[in-house]
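Below: one structure, written as structure tokens.
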There are 2 protein chains.
Amino acid sequence: MGRWEPNAQSRLRQAAMDLYAERGFDQTTVAEIAERAGLTERTFFRHFADKREVLFAGSERLQALLLKSVAESPLLSEAAAGPAALAAVAAAFEVAAADYFPPVEYSRQRQRVIDANPPLQEREVAKMDRISAALAGILRERGVGDLAAALAAEAGTGAFKVAFTRWVADPADGSLLGHVREAIAELRTLLPATA
Amino acid sequence: MGRWEPNAQSRLRQAAMDLYAERGFDQTTVAEIAERAGLTERTFFRHFADKREVLFAGSERLQALLLKSVAESPLLSEAAAGPAALAAVAAAFEVAAADYFPPVEYSRQRQRVIDANPPLQEREVAKMDRISAALAGILRERGVGDLAAALAAEAGTGAFKVAFTRWVADPADGSLLGHVREAIAELRTLLPATA
DNA sequence: GCTCGCCATGTCAGTCGCTGTCATCGCTCC
DNA sequence: GGAGCGATGACAGCGACTGACATGGCGAGC
């Protein structure tokens with residue numbers, strides 16, 4: 001694959017994670033990352049669009065998994081499109097929570113790096129926003145109205161964000177799936193009494 | 001205020017908006033913005049943290065207004081903290097929608113610039129995320145549980161994002177307040193049937 | 001087994017966002 | 001009208017990112 005050793009991309013990712021964790025994102029230059037990976041700065045930018053993106057490479061796979069779940073969801077055949085839409089999004093995130101995410105320890109270290117740096121937080125919420133937009137698009141394709149689709153996607157994504165945050169902060173080491181289910185359940189309690 | 005003409009900050013903002021709209025964000029350098037405003041590049045960065053921030057200067061005021069609404073909300077005295085929390089957030093956004101935002105034409109132009117440039121979209125969602133986090137903090141201070149506070153803030157903010165998007169895209173020139181109310185009402189229909 | 005061509009990487013030069021530092025200017029207060 | 005102060009200018013420099021071209025490895029085809 002590479003001119004020398006293989007796996008250039010994952011070597012770059014590993015080097016970046018290590019350096020970001022050791023000395024912080026700002027105090028790490030792309031040249032240093034490349035050097036540790038045995039490559040050049042120019043090659044780094046051939047594998048990652050920018051210095052932040054190296055931490056968010058898995059995002060497309062997560063998005064694809066969520067879209068597939070919703071695209072194939074049996075919940076969306078009904079007339080009650082709105083509630084079914086949210087249920088389908090919630091189910092998709094439950095699948096992802098069970099299958100997709102790395103061990104909590106890795107996620108914790110990654111999150112420490114992100115939490116210490118505003119530009120990285122910006123990228124993270126941007127990724128979630130794109131996921132939300134993509135989910136809304138799929139819901140529309142499956143016949144959900146524009147407004148309901150956008151809201152179901154936003155609410156589901158928001159619940160997942162909350163669940164993920166609580167998971168990495170959880171000292172009791174609960175499962176991500178547990179946190180997601182808890183957040184979805186709590187979300188449902190937010191509505192009825194105020195209608 | 002300035003060494004020469006007054007209103008340096010708003011001149012910079014105006015110059016930036018004009019240039020971004022005319023030739024695009026990427027094709028505009030900070031030096032060009034400063035020149036059009038009759039200032040230097042260095043002065044631009046004394047007024048705005050970075051090249052994007054010039055489009056998001058009003059965000060702190062919006063956040064302050066929302067926090068004030070929720071802090072003073074009479075809805076949060078009840079036992080049913082969850083539903084009351086969402087209601088308080090929704091009410092805050094309705095107040096903001098009625099009072100705070102500029103005419104739709106200005107918002108439309110601004111949104112065209114943002115929609116044409118991913119880094120600007122990133123900043124925009126980051127601002128909304130910070131607002132959501134701040135709202136969750138206030139809700140916690142007022143006695144709402146951690147999970148319910150975070151979810152009410154996320155859901156309310158998400159509904160507002162959807163409403164705002166539909167407002168600037170609305171060919172019928174509906175009011176922002178109308179869109180916000182519609183989104184909140186639709187959000188409430190997403191839950192019951194699937195509990 | 002040799003050559004050709006593709007693709008990943010290296011090299012180099014350049015632009016621009018952004019920052020620190022110090023000088024300078026205008027205004028205000030006394 | 002001098003002193004102090006806050007905003008601006010001038011300058012130097014770092015680092016992220018890009019475009020253009022050179023170079024090396026590796027497989028396909030002969």
Side-chain angles (χ1 to χ4, degrees), chain A residues 1-57 113-114 116-124 126-127, chain B residues 1-57 113-114 116-124 126-127:
Chain A
M1 190 171 285
R3 182 131 89 183
W4 279 71
E5 306 297 320
N7 306 325
Q9 180 149 338
S10 64
R11 267 158 51 217
L12 285 167
R13 188 158 37 228
Q14 187 62 48
M17 260 298 286
D18 292 349
L19 288 170
Y20 292 172
E22 282 173 23
R23 72 175 77 158
F25 179 81
D26 288 330
Q27 282 64 47
T28 304
T29 70
V30 174
E32 289 167 342
I33 298 171
E35 187 186 7
R36 176 175 292 211
L39 296 165
T40 65
E41 186 180 356
R42 191 67 185 86
T43 298
F44 177 93
F45 287 109
R46 288 202 179 91
H47 285 279
F48 302 100
D50 60 55
K51 191 185 166 190
R52 285 174 270 169
E53 195 62 19
V54 64
L55 281 179
F56 299 93
V113 172
I114 294 174
N117 197 271
L120 291 175
Q121 299 165 36
E122 232 172 274
R123 177 62 48 86
E124 185 174 46
K127 292 288 184 185
Chain B
M1 189 171 285
R3 182 132 88 183
W4 279 70
E5 304 298 320
N7 307 325
Q9 180 149 340
S10 64
R11 267 158 50 217
L12 285 166
R13 187 159 38 229
Q14 187 62 48
M17 261 297 287
D18 292 348
L19 288 170
Y20 293 171
E22 282 173 22
R23 72 176 76 158
F25 180 80
D26 289 330
Q27 283 63 47
T28 303
T29 69
V30 174
E32 290 167 342
I33 298 170
E35 187 185 10
R36 177 175 291 211
L39 297 165
T40 64
E41 187 180 356
R42 192 65 184 87
T43 298
F44 177 94
F45 287 109
R46 288 200 179 93
H47 286 279
F48 302 100
D50 59 55
K51 191 185 167 189
R52 284 175 269 169
E53 195 63 17
V54 65
L55 281 179
F56 300 92
V113 173
I114 293 174
N117 195 272
L120 291 175
Q121 298 166 37
E122 234 174 270
R123 177 60 51 84
E124 185 173 46
K127 292 287 184 185

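Values below: every heavy atom of this structure, side chains too, minus hydrogens, waters and symmetry copies. Chain naming here is simple, since letters A, B, ... match the order of the sequence lines and numbering starts at 1 in each.
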Of the candidates C:dT9, D:dC17, C:dC18, the side chain of A:Lys51 sits closest to D:dC17
Whole Å only: how far is the CZ atom of B:Arg11 from the P atom of D:dA7? 14 Å
How close do A:Arg11 and A:Ala37 get, heavy atom to heavy atom, and via which atoms? NH2-O, 2.6 Å
5' priority, DNA chain D, between A:Arg42 and A:Phe25 [closest heavy atom]: A:Phe25
Between D:dA16 (P) and A:Arg123 (CZ): distance, integer Å: 14 Å
Roughly, in whole Å, what's the span from CZ in A:Phe48 to P in C:dT9? 11 Å
How close or far is atom P of C:dA8 from atom CZ of A:Phe44, stated in whole angstroms? 17 Å
Atom-pair distance (CD1 on A:Ile33; C1' on D:dG15), nearest Å: 12 Å
In whole Å, I'd like the distance from the CG atom of B:Asn7 to the P atom of D:dA7. 14 Å
Measure the distance from CD on A:Glu41 to P on D:dA16 and round it to the nearest whole Å. 7 Å
Looking at B:Glu53 and B:Lys127, is any side-chain nitrogen of the basic one under 4.0 Å from a carboxylate oxygen of the acidic one? yes
Once you round it to whole Å, what is the distance between P of D:dC14 and CD of A:Gln27? 16 Å
Give me the atom names and distance for the closest heavy-atom approach of B:Gln121 to B:Ile114. CG-O, 3.3 Å
Do the side chain of B:Arg46 and the base of D:dG6 come within less than 3.5 angstrom through a donor-acceptor pair of N or O atoms? no
Below the 4.0 Å mark, does D:dA7 have OP1 or OP2 next to a side-chain nitrogen or oxygen of B:His47? no
Residues, nucleotides or ligands: over 12 heavy atoms within 6.0 Å of B:Glu35 CD: no
Side-chain atoms of A:Thr43 come closest, of C:dT9, D:dG9, C:dT19, to C:dT9
